[in-house]
Structures are given as C-alpha cells and as structure tokens.
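One structure is given here, and the rest of the page talks about it.
Atoms considered below: every heavy atom in the structure, side chains included; atoms not considered: hydrogens, waters and symmetry mates. One is the number of the first residue; the rest follow in order along the sequence. Indexing begins at 1, ligand by ligand and atom by atom, following the structure's order.
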Amino acid sequence: MTPTATATEVSEVKSLIESRWASPKGEQHSIVNPANGEIVAMLNYATASDVDRSARAAHKAFLSWREVPVVDRVQPLYRFKTLLEKHADEIATLLTTENGKVFPDALAEVKRAIQMVEVACGMPSLMMGDSLNDVARGIDCRTIRQPIGVCAGITPFNFPAMVPLWMYPFAIATGNTFLLKPSEKVPLSPTRMAELFIEAGIPEGVFQLVHGGREVVEAFIAHPLIKAISFVGSSPIAKLVYKEGAAQGKRVQALGGAKNHLVVMPDADLPKTVDAILSSSFGAAGERCLAGSVLVPVGDVAEPLLNLLIERANALRFGDGLEPGMNVGPVIGADHRKKIISYIEKGEAEGAILLCDGRTNLAHTNPAGSFLGPTIFDHVKPTMTIAREEIFGPVLSVIRANSLDEAIDLVNSSDFGNTTTIYTQSGKSAREYQSRIEVGMVGVNMAVSAPMAFFPFAGWKNSFFGDIHAHGKDAVWFYTEQKVLMSRWF
Ligand code: NAD
C-alpha cells in the first residue's frame, strides 16, 4: 500500500508505521528553528504500541524481503540515490531550518548521505563469502552471509540526513527490514528522505519511521522481534543502549560522544593549520562528533598559532544558515546554548584564561536565535572540566605541551577516543602519532577526518560501545550473520 499523503506538506511531521503516514498518540513537541526561535512543525511521539505494530509489520516483510535476490534488493536504492540528488537542495534547506548548520554544510551532509546509498548499491559484491575446495580430501567449504531480521536505528540531532543513512541502506540491501527513530529535535529531513525512499519503490514494511523519544528506544530494546540496534548519540545513552540491548540478546553498535584533540607541532604550516582548526572546532557550531575541542600546541608554536587563530576566529560570520556568506549558524537550541554557557562559566571558575568570548561577539545575530560565537580558553589544565567533558559547542580549550611524547600521553589519558589530528610537516612525527595514539580515527593535517562511506567509522574507549563499526564493510558484517557450509559428495 502507498502512503496516502506526504508527511511534510502540513506542519505536523508524521511517522511511517505499517506503511501508512500516521499521527501517533504520544506527547506532542514543537520543532523550533534555532536561528530565529520560530516553531516550524509539530511532532507527535510514537508509543510502545506503535513500535510493536511496526516491528510486527517489519518482521512480516522480512520473511519475503530476505528471499529477494540481492541484485533486485538494491534497485530501490539506485532510484533513491537519484531522487536524493534531485531533491538535495530541498533536503539541505530543511536540514538548515531544523538544525541550524549553514546551507553549504547541510548540502555537503546530504552528499555524504548519498555516498552511503551508492556504497550499499554494491551489496552483491560486498556480501560475498569465501570458499575453498578440498579443505580435506573431497570436502569443500564456503561461507555465506545472511540477514538477521528486523533492525532498528536511533540517531542524534547533529547529522539528521547522513547518520540514518549509515544504517538503513546497508541493513536493507543485506536483506533486513528497518525501523528508524531519528532525533526528535530534527525530524524534518529524515522524514522527507523517507518519503523519497517510498517513492523509490521500497516495499511495504521494509522501512518504517517511528518518531519519538525515550519510550520508543526502550520499546526497541525490549521488543523480541528486533534483532539488532544501531545507535549514534551521546556516550551515556550509547552505553545504556549497548548494555540493555546486549542483555536482551541483541546485536548492538553504539557510537557515543567525543573530546577530540588537535596537536600542532612547531613545524606545522600555520595558515593552513589555522584554517583546519577553525573548520574543525567552530564549523557546524562545534556540534560534530569529530569537532576539535582541545588544542595542543607543542613547544614554541603556541604564541604565533594562538595570535593567528584568535584573529581569524573573530572574523567568522555567525548568522542564519540560510543567509549566504555565513560561516557558522546557531547551536541546536536555547537549552543547549545554556548548557554550553555553563561550561564557559566553569572554565572561568576553574582558572582557565578566556582569550575569545563567544557570549559577547554576537552583535549581528537574531537575539531570538541560539547563537554563540567562538570561545577559546588558554592555560587549560587536563584536570579541568572543560578539558575532560564533551561540550558540543564552539568552545576550544588550549592545553600547552612541551613535546610530542607529552601530547601523546595527554590525548591517551582522555576517556574518549573518537578522532584526533596532528599538524606537522614531519613524516616521522605523523607516523609516530598515528601509531601510538589510542583513538579510532586519526588525521594528519586534516580539518575533519570523516571516513568516507566505503571505510568504517567509529571511535574507541567511551566514544564507542560494540565491536563492529558503522558503514563500509563493517556495516555488511553488522547486518549479517555468517554461516559456514561444508559438503562432501559420494
Ligand atoms: P543524545 O544521546 O541526546 O540522543 C541521541 C538519540 O538518543 C536520540 O534519538 C534521542 O531521542 C535518544 N535518547 C536521548 N535520551 C535518551 C534516553 N534517556 N533513553 C533512550 N534514548 C534516548 O544525543 P544528541 O544530543 O542527539 O546528539 C549529540 C551527541 O551525539 C554528541 O554526544 C555527539 O558526540 C554524538 N554523536 C556521535 C557520533 C559518532 O559517530 N560517534 C556522531 C554524531 C553524534
């Protein structure tokens, strides 16, 4: 059955349950544009009973979808890719409206999302197993990969178009069916993308969209028909979902928060390094899990680096992300802004020196929006709160180090291990850093080391709970069970 109405033509964002656009009966929340504080849509949360109906429909669909040859399963994904390309500007506009990031960033996110679909279209090759004849006399052995059933995805507010696509194109191409719960703060772009997936011809029950909050997540974890959960969000919730999901016998991958270090060696190319730091730490208002939040200048590079960084940070243009020429938009909302400000206050109270105060340089922004300018603290100690905890805003803490060894020890002492970058022109320093650092994604002279769709994505330590990472070949392994077949013929 085809949904009877599009979900975003009215201001209420609907869920897609049992292949119908529905208004669940849970709490109602407003979706606010963080650039101006205006309500742009209403969202009704789904309940545990909506999850139950969706999971049953997904299970029913799974029984036939897994029998569809993989070459046919990827056909809707090819059409989805074309539709996403055609509607990229429209999706990016929705994304900027609900999340705040500037339009070029939003468009880049949509393009990254499309690459996920492209990679998943290669599933006929990616899913192949191994085989070896005559493993013993007359005995042949091969491995095959089979889908696991109904899978669920829970995603964060900061990449509403891309992160869901780390999950469902791979899960569905491998023969599973999928329930997606996007962040309740940013439901517009994932819903528009769901409409396009339906238009691309994805069969009934194979993909459903269950909007909501904690109740939906708890119902996913408890539901016996849901076999695997992919989570991306903050570390405390990632840990909880991993623990509770595993206790229910589910396969779980849970990507968490971050505290990413940028190490600058004395031989770094300063102008290019400053460009990269600005983009890493203040791009998307610091709301990326790959954002640099601790800057570690090594030796005497600190003074010239900070002088240039402050000059360039003060020149960044903050404003509504739909206005041309803006470098940075608002943070996600007023509550989050308050939380970031409380971290800035803690930094001051704990004795760090404020070089650049994001609370004050906002003269040209809409006061009803949730704007914060770049904030830079110097002389931060590793024990301070702003050095240890994820702030998830445009706040950069500077911890000076005397040597590469000291910088490596500092980074390795963090509870998190999502990404890190070293800036240097020395191959030796770069190689040593990449080898000794206890972090999942490591860059050299990069702004944001985001692995492309065909490589895996995940951090270490408190930035990731699970074994198999997101997208790339890992996604094929996560969404399939491996079976070994041995045969002997007389
Ligand atoms: P969040 O943890 O608040 O929410 C993520 C998801 O969990 C949402 O769908 C939300 O509805 C749900 N959720 C929230 N509280 C819950 C609860 N008590 N029980 C069950 N479910 C709950 O994260 P966020 O604020 O939306 O996103 C920002 C966080 O995501 C940051 O910590 C960031 O580092 C992280 N993130 C990590 C990656 C990565 O690849 N490691 C990527 C993007 C974002």
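- Contact between F464 and ligand 1 is absent, with no heavy atom of the residue lying under 4.0 Å from the ligand.
- Residue contacts with ligand 1 do not include V163, since none of its heavy atoms lies under 4.0 Å from the ligand.
- Residue contact annotation: F392 has a non-hydrogen atom under 4.0 Å from ligand 1.
- Remark: ligand 1 atoms within the under-4.0 Å shell around heavy atoms of W166 are 40 (O).
- Polar contact check, T155 against ligand 1: a nitrogen or oxygen pair lies under 3.5 Å apart.
- For the ligand labelled ligand 1, residue F416 lies outside the 4.0 Å heavy-atom shell.
- Scanning the protein for heavy atoms near atom 32 (O) of ligand 1, the closest one is E390 OE1, 2.6 Å.
- Checked against a 3.5 angstrom limit, the closest N/O atoms of F457 and ligand 1 fall outside it.
- Protein heavy atom closest to atom 26 (O) of ligand 1, with residue, atom name and distance, is F157 N, 3.1 Å.
- A cation-pi arrangement, defined by a distance under 6.0 Å to the six-membered ring centre and an angle within 45 degrees of its axis, is present between K346 and Y343.
- The closest side-chain heavy-atom distance from I437 to V263 is not below 4.5 Å.
- The protein non-hydrogen atom at the shortest distance from atom 23 (O) of ligand 1 is S234 N, 3.5 Å.
- For atom 30 (O) of ligand 1, the choice among G233, G459, A291 with the nearest heavy atom turns out to be G233.
- Looking at E184 next to ligand 1, an N or O pair under 3.5 Å apart turns up.
- Atom 39 (C) of ligand 1 has as its closest protein heavy atom C289 SG, 3.3 Å.
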Identify each donor-acceptor pair in which a side-chain atom of residues 224-233 lies under 3.5 Å from a protein atom, sequence neighbours left out, and give them as a table.
from, atom 1, to, atom 2, distance (Å)
K227, NZ, P224, O, 3.1
S230, OG, Q253, OE1, 2.8
S230, OG, Y479, OH, 2.7

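- Within a 4.0 Å radius of atom 4 (O) of ligand 1, the protein contributes no heavy atom.
- Two residues are said to be in side-chain contact when any heavy atoms from C-beta on lie closer than 4.5 Å; F392 and I340 fail this criterion.
- Annotation: atom 18 (N) of ligand 1 to nearest protein heavy atom, I237 CD1, 3.6 Å.
- At least one donor-acceptor pair under 3.5 Å links the side chain of T365 to the backbone N or O of L362.
- Side-chain contact between M384 and S397 is absent, with no heavy atoms from C-beta onward closer than 4.5 Å.
- From the protein, the heavy atom lying nearest to atom 37 (C) of ligand 1 is G256 O, 3.0 Å.
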